[in-house]
Student: 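Please read through the structure below; I'll follow up with questions.
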Amino acid sequence: MPELPEVETIARGVHERVRGDCIRQVWLGTHAEPFKTPPAQLAEGLEGRAILAVHRTGKHIVCELGPWGNAGSNGKGVVRQSQEPSAQWIVHLGMTGRLLVTFPDAPLAAHTHARLSLASGRELRFVDPRRFGRLEFRDLDRDPAFSAPGADPLHIESSEFVALFRGRKLTIKGALLNQSLLAGVGNIYADESLFRAGLRPRRMAGRLTKAELERLRKALLEVLEHAIRLGGSSVSDYVDADGVRGFFQLEHCVYLRTGQPCRRCQTPIRRMVVAGRGTHYCPQCQR
DNA sequence: ATATGGCCCTGGTTGC
DNA sequence: TGCAACCAGGGCCATA
């Protein structure tokens with residue numbers, strides 16, 4: 001499932017490949033997933049826009065789009081990059097979503113819901129078998145720019161991190177997964193950061209000491225940065241914008257390692273359900 | 001206000 | 001061996 005490191009990897013890849021390109025034509029399948037934006041409005045909004053930049057916010061990919069109508073184009077669809085965005089295309093990959101940069105004659109994957117043909121001759125494709133992904137269009141003349149409700153775990157400061165969990169009557173695992181507290185942490189990195197911090201997933205968030213929370217913040221930061229360096233975790237069918245798998249799944253200490261020996265103490269990894277999610281931990285290392 | 005559980009989906013796994 | 005039932009899981013929404 002794409003979480004912060006996977007979404008960051010995809011956003012960077014898409015940014016490098018399509019920045020300055022222009023959206024010529026939009027095709028949406030019968031299952032085009034509207035995330036507040038109906039398909040017709042989505043297609044109309046995207047067509048003719050320049051792609052100024054692509055970046056990540058939480059688990060969302062945000063495409064900053066230039067003014068409608070090729071303004072600033074040099075005729076090859078290449079656009080000046082200093083323009084202020086006039087619109088945004090927001091992509092959430094859900095569980096199984098992919099955002100791919102391909103050539104038009106590349107084989108069409110099953111469950112391709114959107115194809116954006118670009119002025120450069122390439123295509124941006126949104127593929128999502130399970131259809132938990134969402135696409136949204138925002139016209140910045142009318143709509144507010146997209147922002148995540150939660151803090152970014154890569155940049156949050158120590159005191160701010162500690163304050164997030166104060167008085168919370170839910171498990172630390174549940175708190176980590178709550179996107180309105182921290183934006184971008186999903187099941188893999190919740191489990192992996194709790195292992196690295198030595199904390200049981202069922203501990204109550206509001207009862208953790210300052211020192212424990214500081215350990216957790218550092219563990220989370222380290223695990224996310226490490227995963228980004230390795231191109232994310234490919235556990236189900238995650239691939240980057242070029243269709244290439246990540247390598248961080250090889251570094252997992254607990255996630256999907258039920259019954260296997262802990263890398264630190266050899267105790268078999270256990271699985272339980274916390275906050276409605278499969279949760280993996282070492283009964284020896286995590287207290 | 002805050003926390004919990006059901007729901008949406010399909011593909012992979014499990015069980016007979 | 002083949003098929004069907006089961007289940008994962010992010011975010012949204014209704015409910016407590």
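Please read these numbers as outputs of a predicted model, since none were measured by experiment. Each chain gets a letter, A, B and so on, in the order the sequences are listed, and its residues count up from 1.
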Student: Whole Å only: how far is the CG atom of Leu176(A) from the P atom of dA3(B)?
Tutor: 14 Å

Student: Would you say Thr102(A) and Arg125(A) are linked by a side-chain donor-acceptor pair, where the criterion is simply a distance under 3.5 Å?
Tutor: yes

Student: Please give, in whole Å, the distance from dC12(C) P to Asn178(A) CG?
Tutor: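 In whole Å, dC12(C) P lies 11 Å from Asn178(A) CG.
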
Student: Atom CD of Gln179(A) and atom C1' of dC13(C): how far apart are they, to the nearest Å?
Tutor: 16 Å

Student: With a non-hydrogen cut-off below 4.0 angstrom, is Arg166(A) in contact with a base, only sugar-phosphate, or nothing?
Tutor: nothing

Student: Nearest whole angstrom, please: distance from the C1' of dC9(B) to the CG of Leu93(A).
Tutor: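 Computing the Leu93(A):CG to dC9(B):C1' distance gives 16 Å.
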
Student: If you only use heavy atoms from C-beta on, which nucleotide in dG9(C), dT4(B), dT10(B) is closest to the side chain of His111(A)?
Tutor: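 Selected nucleotide (nearest to the side chain): dT10(B).
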
Student: Between dG10(C), dA3(B), dT10(B), which nucleotide has the shortest distance from any of its atoms to the side chain of Pro129(A)?
Tutor: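 Ranking dG10(C), dA3(B), dT10(B) by closest atom to the Pro129(A) side chain puts dT10(B) first.
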
Student: Taking the side chain of His92(A) as heavy atoms from C-beta outward, which of dT4(B), dG9(C), dG11(C) is closest to it?
Tutor: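 The listed nucleotide nearest to His92(A)'s side chain is dG11(C).
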
Student: Assign the ring pair Tyr255(A) / His280(A) to parallel, tilted or perpendicular, where the plane angle (0 to 90°) is split at 30° and 60°.
Tutor: perpendicular

Student: From NZ of Lys59(A) over to P of dC12(C), roughly how many Å is that when rounded to an integer?
Tutor: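 Distance check: Lys59(A) NZ to dC12(C) P gives 10 Å.
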
Student: Taking NZ, NE, NH1 and NH2 as the nitrogens, is one of them in Asp128(A) or Arg134(A) under 4.0 Å from a carboxylate oxygen of the other?
Tutor: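 A salt bridge is absent here (no side-chain N lies under 4.0 Å from a carboxylate O).
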
Student: Rounded to the nearest Å, what distance is computed from the CZ atom of residue Arg130(A) to the P atom of nucleotide dC7(B)?
Tutor: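 It is 18 Å, rounded to the nearest whole Å.
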
Student: So Pro283(A) and Thr267(A), do their side chains get closer than 4.5 Å, heavy atoms only?
Tutor: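 In short, these two side chains touch, coming nearer than 4.5 Å.
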
Student: Report yes if the ring of Phe132(A) lies under 5.5 Å from the six-membered base ring of dG11(C) with planes under 30°, and no otherwise.
Tutor: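 The base of dG11(C) is not stacked with Phe132(A) (the test needs centres under 5.5 Å and planes under 30°).
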
Student: So, does the side chain of Arg277(A) form a donor-acceptor pair with the base of dG10(C) at under 3.5 Å?
Tutor: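 Pair found.
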
Student: OP1 or OP2 of dA8(C) versus the side-chain N and O atoms of Tyr255(A): is any pair under 4.0 Å?
Tutor: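 Tyr255(A) to dA8(C) OP1/OP2: no side-chain N or O under 4.0 Å.
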
Student: Gly278(A) near the nucleic acid: base, sugar-phosphate alone, or nothing, with a heavy-atom cut-off under 4.0 Å?
Tutor: sugar-phosphate

Student: Go through it in stages, so that I can follow the logic: the residues are Asp240(A) and Arg17(A), the test is salt bridge (Lys or Arg N to Asp or Glu O under 4.0 Å), and I'd like the CA-CA distance, side-chain angles, deciding distance and then a yes or no.
Tutor: CA-CA 12 Å; Asp240(A) 69 12; Arg17(A) 286 160 186 77; 5.8 Å; no

Student: Please state how far atom CZ in Arg168(A) lies from atom P in dT4(B), giving the value in whole angstrom units.
Tutor: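 Taking atom P of dT4(B) as the reference, CZ of Arg168(A) is at 12 Å.
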
Student: Distance check needed: dG10(C) C1' versus Tyr189(A) OH, whole Å only.
Tutor: 15 Å

